[in-house]
Amino acid sequence: MKKIFNALFYVFKFFLLIAAFGLTLYILIRMNIRLEQNIASILPRFIPYFILLVLFMINIIFKQTSVTKNVFYNLTCCLVFVTIVFVSYRAIFDTNMVMNFKYGYGIDFNFFDNFMAYINIMLYGLAIADVLFMFRKSENKSEVKSKN
């Protein structure tokens, strides 16, 4: 059962990463259009996404089983990305928000911008946890050694 949940969360986290990145990009581009700023001004907000993507690729290439077979980490990734997607959808589609109704942009930029700090904290936390799990001994390796 643990292997099934792990595989499910492992695959699901990549789809959620793409969805979270895409929705964040959409909202920030619309925000920059409204503020008439350069597109390069949003690049620093995507640094944690790029760090996570690089770490995920390192995990795949070097077969880091201590990270990829960790159910807790994969579940936490899914929860973080679902939270980002939920905040993004609420900023876009919740018509009962005051700023969304007042300004008529279709997106409540203030609501999303208030959550950007928390989003970055969660993403950097995932990156730190990934690095720490990389240097941790895998449970499977220690079980194999103990059986011999």
Side-chain angles (χ1 to χ4, degrees), residues 1-140:
M1 193 66 158
K2 180 181 173 184
K3 289 181 183 180
I4 294 170
F5 280 128
N6 186 42
L8 180 72
F9 291 136
Y10 181 73
V11 171
F12 200 48
K13 79 177 177 182
F14 292 108
F15 291 119
L16 288 171
L17 172 67
I18 293 168
F21 178 81
L23 286 169
T24 304
L25 180 66
Y26 173 73
I27 292 172
L28 290 177
I29 287 175
R30 292 277 311 264
M31 187 184 304
N32 278 358
I33 290 171
R34 180 182 68 95
L35 297 174
E36 297 176 357
Q37 292 181 346
N38 189 1
I39 193 74
S41 65
I42 65 171
L43 290 179
R45 295 196 179 202
F46 289 105
I47 290 173
Y49 286 107
F50 294 132
I51 291 172
L52 270 178
L53 183 64
V54 167
L55 288 172
F56 287 168
M57 291 303 120
I58 289 171
N59 293 336
I60 292 170
I61 292 169
F62 293 112
K63 295 179 176 66
Q64 299 284 335
T65 58
S66 59
V67 181
T68 58
K69 303 230 183 210
N70 192 334
V71 178
F72 175 71
Y73 179 73
N74 290 328
L75 175 65
T76 305
C77 286
C78 289
L79 289 175
V80 166
F81 295 140
V82 164
T83 303
I84 295 169
V85 168
F86 180 75
V87 167
S88 301
Y89 273 124
R90 184 156 184 226
I92 295 170
F93 293 114
D94 193 356
T95 57
N96 294 325
M97 289 197 182
V98 175
M99 293 300 182
N100 191 355
F101 179 74
K102 182 178 178 182
Y103 293 119
Y105 291 116
I107 298 174
D108 190 354
F109 298 115
N110 292 331
F111 175 76
F112 187 77
D113 196 43
N114 288 340
F115 275 96
M116 274 308 295
Y118 301 113
I119 289 171
N120 285 338
I121 288 170
M122 289 186 291
L123 292 175
Y124 281 122
L126 283 178
I128 291 169
D130 192 321
V131 170
L132 291 176
F133 282 133
M134 275 185 196
F135 297 112
R136 183 180 148 256
K137 286 186 178 181
S138 176
E139 294 173 1
N140 297 337

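Computed from heavy atoms alone, side chains included, the values below leave out hydrogens, waters and symmetry copies. Bear in mind the structure is a predicted one, so any value in this text is a computation, not a measurement.
Heavy-atom minimum distance, L126 versus Y73: O-OH, 3.2 Å. Summarising the geometry of F72 relative to T76, their closest heavy-atom pair is O-OG1, 2.7 Å, with the distance given to 0.1 Å.
Among residues two or more places apart in sequence or in another chain, the side chain to side chain contact (heavy atoms under 4.5 Å, CB included) test is passed with I4 by none.
Within the 4.5 Å cutoff, side-chain heavy atoms of L28 are placed close to those of F46. Contact of the Y89 side chain with the D94 side chain is not registered, since no non-hydrogen atoms from C-beta on lie closer than 4.5 Å. Taking 4.5 Å as the limit, every side-chain heavy atom of T83 sits out of range of all side-chain heavy atoms of F115.
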Do any side-chain atoms of residues 37-45 form donor-acceptor pairs under 3.5 angstrom with protein atoms, and if so which ones, sequence neighbours left out?
unit_1 : atom_1 : unit_2 : atom_2 : d
Q37    : OE1    : S41    : OG     : 3.4
S41    : OG     : N32    : ND2    : 3.1
S41    : OG     : N38    : O      : 2.7
R45    : NH1    : D113   : OD1    : 3.1
R45    : NH2    : D113   : OD1    : 3.3

Table please: side-chain donor-acceptor pairs of residues 6-27 below 3.5 Å, with sequence neighbours left out.
unit_1 : atom_1 : unit_2 : atom_2 : d
N6     : OD1    : N74    : ND2    : 2.6
N6     : ND2    : T68    : O      : 3.3
K13    : NZ     : N74    : OD1    : 3.0
T24    : OG1    : A20    : O      : 2.7
T24    : OG1    : Y49    : OH     : 3.0
Y26    : OH     : R30    : NH1    : 2.7

Let me check something: any side-chain donor-acceptor pairs from residues 52-61 under 3.5 Å, sequence neighbours excluded? List them with distances.
unit_1 : atom_1 : unit_2 : atom_2 : d
N59    : ND2    : L55    : O      : 3.2
N59    : ND2    : D130   : OD1    : 3.2
N59    : ND2    : D130   : OD2    : 2.8

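The one candidate from V71, T65, V67 that meets the side chain to side chain contact (heavy atoms under 4.5 Å, CB included) condition with K69 is T65.
Among pairs with a residue in residues 47-59, none fulfils salt bridge (charged side-chain N to carboxylate O under 4.0 Å, His left out), at least two apart in sequence or across chains.
In this structure, CZ on R90 lies 4.5 Å from CZ on F111, to the nearest 0.5 angstrom.
Heavy atoms from other residues, nucleotides or ligands lying under 6.0 Å from OH of Y124 number more than 12.
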